[in-house]
Amino acid sequence: MELVNFTEDEHLKTLNHSCAHLMAQAVRHIWPDAKFWVGPVVEEGFYYDMDLGDHNITDEDLDKITKEMKKCAKSDKRIVRQEITREEALERFKDDPYKIDLITRMPEGTNISMYTQGDFTDLCRGPHVESTKKCRYYKLMKHSGAYWKGDVNNKMLQRIYGVCFDTKEDLDKYLEALEEAKKRDHKKIGREMGLFMMSEFAPGMPFFLPDGMILQRQLEEYWHEEHVKEGYQFVRTPMMMSKELWETSGHWGHYKQNMYTSKVENREYAIKPMNCPGAVLVYNNSLHSYKDLPLRLAEEGLVHRNEASGALNGLFRVREFTQDDSHIFVTVDQIEDEVGRIIALIDRIYSVLGLTYNIELSTRPESYIGELDVWEKSEKALAEACRKAGKDFVVNPGDGAFYGPKLDFHIKDSLGRIWQCGTVQLDMNLPGRFGAVYVDKDGSRKTPIMLHRVVFGSFERFIGILTEHFAGHFPLWMAPHQLVVIPVHQEKHLAYAKKVQEALKAKGLRVDLDDRNEKLGYRVREAQIKHINYQLVVGDGEMEANTVTIRKSGSRKSETLSLEDAIQRFVAEVDNKELFKAE
């Protein structure tokens with residue numbers, strides 16, 4: 001079961017856009033005065049924004065529209081493209097303010113395409129499938145309100161979302177995967193496991209609860225260990241720095257609306273939205289020669305960004321988060337080797353977490369700074385580093401930042417969803433803006449290139465991704481509650497249960513003891529609901545033989561091992577950072 005990104009499959013994209021028109025046709029049949037804004041294909045399928053006058057869409061209306069769409073699809077009307085002039089379009093749609101707005105924003109002399117299917121015509125660039133019959137396997141997913149053009153000062157339109165596939169089997173598989181995704185929702189699992197909470201007193205700023213902090217600390221410690229191996233030095237930069245710094249970096253002019261600002265003693269400050277300017281100040285704290293490079297600075301930097309309230313989404317989109325940042329200062333000739341080291345590091349960490357990924361190389365845009373030969377060398381170095389690492393990559397021409405090319409790492413989770421997490425970005429701009437230099441072999445002073453680099457992106461978002469990827473069944477080494485010892489009888493077996501707990505704790509394992517006066521089955525089921533990896537049940541037989549009966553989360557099966565063998569098994573699973581597969 002995998003979810004689909006409808007924007008990445010050209011055929012599905014065409015099919016879903018055609019189904020959006022089919023839906024609009026059905027809506028027009030039910031509400032003849034309906035007017036339509038736009039109906040694009042998005043990652044989750046398609047939607048159409050519409051003005052139905054005083055009528056607000058209900059769940060019952062979706063059933064009505066679905067039935068009417070079935071009639072429209074069965075009619076097998078050809079979908080015909082036609083081109084008209086801008087003036088003809090203005091005349092044809094003169095009574096539709098939404099279409100007039102679209103048309104008037106097109107340059108004069110432009111030919112405008114529209115598509116007709118039976119009694120319905122709409123402006124559209126296309127392409128579309130051949131006939132309405134191709135759009136038979138669809139489902140309308142939900143409805144909501146949406147301001148025209150996304151502007152809160154404009155009228156609220158009705159928005160209906162849907163999906164469409166070629167076959168009923170494909171549609172059913174997708175809907176099944178969607179149900180699985182709902183079960184894996186990190187907000188739901190996070191609440192059940194007590195990982196994090198949100199508060200109206202700090203919108204978009206997660207509170208990590210004790211169990212969530214265990215999870216984050218395990219990730220941080222692993223991240224720290226791997227970076228020590230790679231020769232990184234660790235720094236911490238201030239959370240709030242003056243306006244002058246952000247003016248120098250360029251953030252004040254281009255990013256101020258997303259920054260939290262404050263005045264202290266008549267001087268303006270901003271809470272940092274990014275860690276990179278602080279890293280350059282650390283670099284500038286001492287004089288460097290070419291022998292010091294590459295200089296690898298790592299920081300778990302807490303940053304704040306003023307995201308729109310409507311965009312906030314659990315741990316995926318927040319206003320406060322901790323970036324696993326690194327800034328590496330290199331010469332042009334060192335780029336290839338250093339990027340190769342970064343790829344190896346990212347590959348090692350993702351592999352431990354069972355995450356596959358692909359790499360995208362974004363190259364020089366039309367508007368750029370720096371020397372062309374440095375750009376060409378940099379892009380070649382990034383590509384060659386991927387090849388030497390044995391990694392395929394796709395090129396995204398012209399999508400690099402104005403200050404340098406980059407590699408983006410797109411991970412694929414257990415439901416097939418793609419997440420952009422890791423990145424390596426070359427920066428030919430910021431070091432120069434802050435006057436960062438190194439002394440070269442010939443005694444001249446040169447500006448280093450800075451590599452911006454993250455593996456997780458942010459701990460918060462990555463924990464959200466992992467929560468859904470593992471469905472809350474984290475690997476044993478990460479899990480907040482690794483084991484629970486459950487005595488069959490609250491009093492009779494309690495002493496042995498405590499002995500088992502202490503023996504496991506002595507090996508550094510996180511072990512709970514559930515000695516409540518509840519039925520055994522109830523306690524086992526509750527441990528499974530809480531995603532505790534292993535339940536260790538002890539009764540008469542276990543007490544006499546110095547054993548434990550082990551039940552794995554998600555499984556009805558159990559096995560009995562000696563206490564010593566069980567301890568060795570759990571310690572090895574933690575030490576080897578094995579993946580945990582719930583059964």
Value rounded to 0.5 Å, distance of [atom1] in [X] from [atom2] in [Y]:
X: R191; Y: M198; atom1: CZ; atom2: CE; result: 11.5 Å
X: F459; Y: E300; atom1: CZ; atom2: CD; result: 4.5 Å
X: K406; Y: E360; atom1: NZ; atom2: CD; result: 7.5 Å
X: L451; Y: L407; atom1: CG; atom2: CG; result: 10.0 Å

Name all residues meeting the side chain to side chain contact (heavy atoms under 4.5 Å, CB included) criterion together with V374; count only those two or more places apart in sequence or in a different chain, and write none if there are none. V332, E371, S378, M428, I449
Closest contact, heavy atoms only, L315 versus P206: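 Nearest pair, atom of L315 first, then P206: CD2-CB, 3.7 Å.
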Does [Y] offer a backbone N or O that forms a donor-acceptor pair with the side chain of [X] under 3.5 Å?
X: W246; Y: G253; value: no
X: R510; Y: A479; value: yes
X: E460; Y: T322; value: yes
X: N396; Y: D399; value: no

Side-chain donor-acceptor pairs of residues 380-389 under 3.5 Å, sequence neighbours excluded:
residue, atom, partner, partner atom, Å
E384, OE1, R387, NH1, 3.3
K388, NZ, E336, OE2, 2.6

Y174 and F6: aromatic ring centres closer than 6.0 Å?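 Between Y174 and F6, the centre distance is under 6.0 Å.
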I want to know whether F316 and W419 have ring centres closer than 6.0 Å.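 Yes.
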Which pairs with one or both residues in residues 250-259 pass side-chain hydrogen bond (donor to acceptor under 3.5 Å, both in side chains), sequence neighbours excluded? S249-H251
For E299, run the salt bridge (charged side-chain N to carboxylate O under 4.0 Å, His left out) check against K272, R453, R236 and tell me which one passes. K272
Distance under 6.0 Å and angle within 45° of the ring axis: does K168 meet both against Y137?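 No.
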Is the NZ or CZ atom of K552 both under 6.0 Å from the centre of the six-membered ring of F580 and within 45° of that ring's axis? yes
